[in-house]
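Read the numbers this way: they start at 1 and go in the same order the structure lists the ligands and their atoms.
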Amino acid sequence: MRSNMRITILLWITGFITVCAQSQTGSKAFLSNIDKTLDFAVKQEIKMAKSVKDKPGKFPVTLDKKGDLVLCDTTSWTCGFFPGTLWYLYEYSKNDEIKKYARLYSDRLEGMQYTTNTHDIGFIIYCSYGNGYRLTGDTGYRTKIEKAAEALCVRFNPVTGCIKSWDRGEGIYPVIIDNMMNLELLFEASKLTGNNKFREVAITHANTTLKNHFRDDASCYHVVFYDPKTGDVVARKTRQGFADESAWSRGQAWALYGYVLCYRETKDPVYLRQAQKIAGFILNHPRLPEDKVPYWDFDDTKIPNTERDASAGAIISSALIELSQYVPEAEAKKYLEIAKIQIESLSSPAYLAQDASNKNFLLRHSVGSMPDNIEVDVPLSYADYYYLEAMIRYRKLISGVSLF
Ligand code: GLY
């Protein structure tokens with residue numbers, strides 16, 4: 001071999017080793033930062049759990065305009081997130097105190113397994129008892145997952161081919177994109193019971209939503225109204241977005257996460273393609289900021305002078321990490337890079353509260369409902385839940401542990 005060729009090969013090998021070493025060091029540093037944040041989260045959430053433990057039936061959800069803690073009860077769609085947060089932190093820390101509180105707050109949801117008046121039962125039961133069952137194998141939790149799936153199916157109408165969201169008004173049948181998240185409960189219950197009905201309802205809902213909720217650019221509407229007698233689409237509107245034709249950020253996040261989970265459970269390539277298209281819409285959007293934490297709606301005409309939604313950033317991050325497991329390497333790398341930027345942004349002082357002002361919530365700067373002027377630029381229990389989920393997922397990836 002000629003000597004200049006030898007030198008070229010040597011340089012290439014040295015370069016390759018340096019890049020690998022740098023990326024390993026980068027991963028190690030990122031992992032160590034995630035661990036520091038999770039250690040901090042354990043301390044914060046124990047303080048939060050203590051502060052609400054003597055308020056039976058209550059769960060922390062946000063702060064009010066004066067900065068005081070707002071609690072909810074089981075009438076709120078958000079009630080399962082705090083128990084779920086504690087289960088994730090137990091998974092990470094194996095801390096018995098966290099486990100004790102995870103059980104205590106999960107027990108507060110006891111009666112919810114029979115609730116048929118909300119589609120949000122998937123969020124409520126799966127984030128709490130779903131994680132609890134996954135981590136403990138407690139058969140009491142398993143029963144609740146099964147019963148709640150039965151309850152959710154009561155809201156399914158074979159004519160519309162989807163699960164009804166809100167119970168408001170006669171003759172209209174609203175279905176919100178958020179409802180995709182409740183399918184996880186049905187898939188799990190199907191596996192636990194062997195009852196295929198739950199899975200079929202989930203798949204039918206996903207297919208109907210895919211047909212009717214999306215625009216040509218893969219962004220989605222918030223609410224589709226159906227005629228329950230014919231199954232026809234009557235209207236497409238928003239409730240929490242900037243406008244009927246806008247892309248409400250958390251809605252896009254729910255859509256992405258929803259189709260990723262449908263692909264996980266069915267391996268149907270149609271769902272994977274949909275998830276990729278939604279990811280493409282979000283990640284290529286000209287108004288997605290540098291730190292990859294979206295404004296509350298991609299189409300707010302006041303951008304950049306409007307609020308971010310950290311909850312949407314956290315949900316997207318978690319979904320991208322899972323999506324990276326199902327796609328070719330180059331595409332996976334892109335999703336993981338964005339998810340990492342999102343975790344880094346959310347873990348920076350711009351979002352992560354390191355002082356007492358956030359009353360033990362982790363993230364600042366989420367938006368519940370801008371049109372209602374409710375929960376604007378505040379911490380939210382579900383932002384923290386998905387932020388922790390994203391970090392725990394990334395941690396598993398780096399450590400070579402399977403996500404599920
Ligand atoms: N499911 C209600 C929301 O995302 O705000």
Side-chain angles (χ1 to χ4, degrees), residues 59-63 70 72-82 84-85 109 112 115 117-128 130 148 152 155 162-168 174-185 205 209 213 219-225 237-244 246-261 278 282 293-298 300 307-319 361 363 365-387 389-390:
F59 307 85
V61 58
T62 187
L63 299 182
V70 176
C72 70
D73 58 23
T74 54
T75 58
S76 167
W77 73 279
T78 60
C79 60
F81 291 113
F82 186 59
T85 289
L109 299 166
M112 294 307 285
T115 303
N117 66 2
T118 171
H119 69 282
D120 287 322
I121 201 66
F123 281 119
I124 294 168
I125 296 290
Y126 201 72
C127 298
S128 57
L152 184 55
R155 303 183 68 77
C162 43
I163 298 164
K164 188 180 185 188
S165 294
W166 309 313
D167 290 328
R168 283 174 211 157
V175 179
I176 57 175
I177 190 66
D178 325 25
N179 216 343
M180 285 298 299
M181 298 296 284
N182 294 294
L183 306 185
E184 204 165 18
L185 173 80
H205 181 95
T209 301
H213 252 87
S219 70
C220 66
Y221 290 91
H222 183 197
V223 198
V224 174
F225 291 95
K237 296 200 172 293
T238 197
R239 179 71 190 81
Q240 281 159 266
F242 180 78
D244 290 342
S246 74
W248 173 51
S249 296
R250 198 162 53 254
Q252 314 313 304
W254 294 141
L256 174 64
Y257 197 118
Y259 283 97
V260 174
L261 85 83
I278 301 166
I282 296 171
V293 178
Y295 293 97
W296 72 280
D297 190 304
F298 283 97
D300 183 346
E307 308 299 345
R308 303 297 187 91
D309 182 9
S311 77
I315 298 159
I316 293 166
S317 179
S318 187
F361 286 106
L363 298 179
H365 307 313
S366 288
V367 174
S369 181
M370 186 70 93
D372 298 306
N373 195 20
I374 290 171
E375 299 169 343
V376 176
D377 193 23
V378 288
L380 287 168
S381 56
Y382 48 97
D384 287 0
Y385 174 88
Y386 289 102
Y387 170 55
E389 183 182 87

Margin query: Which option wins on minimum heavy-atom distance to atom 2 (C) of ligand 1: N182, D178, I176?
Written below: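 The residue whose heavy atom sits nearest atom 2 (C) of ligand 1 is D178.
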Next item on the list: Report yes if the distance between the aromatic ring centroids of Y257 and Y386 is under 6.0 Å, otherwise no.
Entry: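 Under 6.0 Å, so yes.
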* Asked: Among F59, F123, F361, Y387, whose ring pair (Phe, Tyr, Trp, His ring centres under 6.0 Å) with F81 holds?
  ->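 Filter result, single survivor: F123.
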request  = Answer yes or no: is there a side-chain heavy-atom contact under 4.5 Å between W296 and W248?
outcome  =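 Sidechains of W248 and W296: in contact.
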| said: Ring-plane angle category for W77 and W254, please: parallel below 30°, perpendicular beyond 60°, tilted otherwise. | reply: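 Answer is perpendicular, since the angle exceeds 60°.
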With nothing but distance in play, are any N or O atoms of [X] less than 3.5 Å from an N or O of ligand 1?
{"X": "W254", "result": "yes"}
{"X": "R250", "result": "yes"}
{"X": "W77", "result": "no"}

Within ligand 1, which atoms have a heavy atom of Q240 less than 4.0 Å away?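 Per the distance check, 3 (C), 5 (O).
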Do R239 and D372 sit within salt-bridge range, that is, some charged N less than 4.0 Å from a carboxylate O?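 Judged by the 4.0 Å cut-off on N to carboxylate O distance, R239 and D372 do form a salt bridge.
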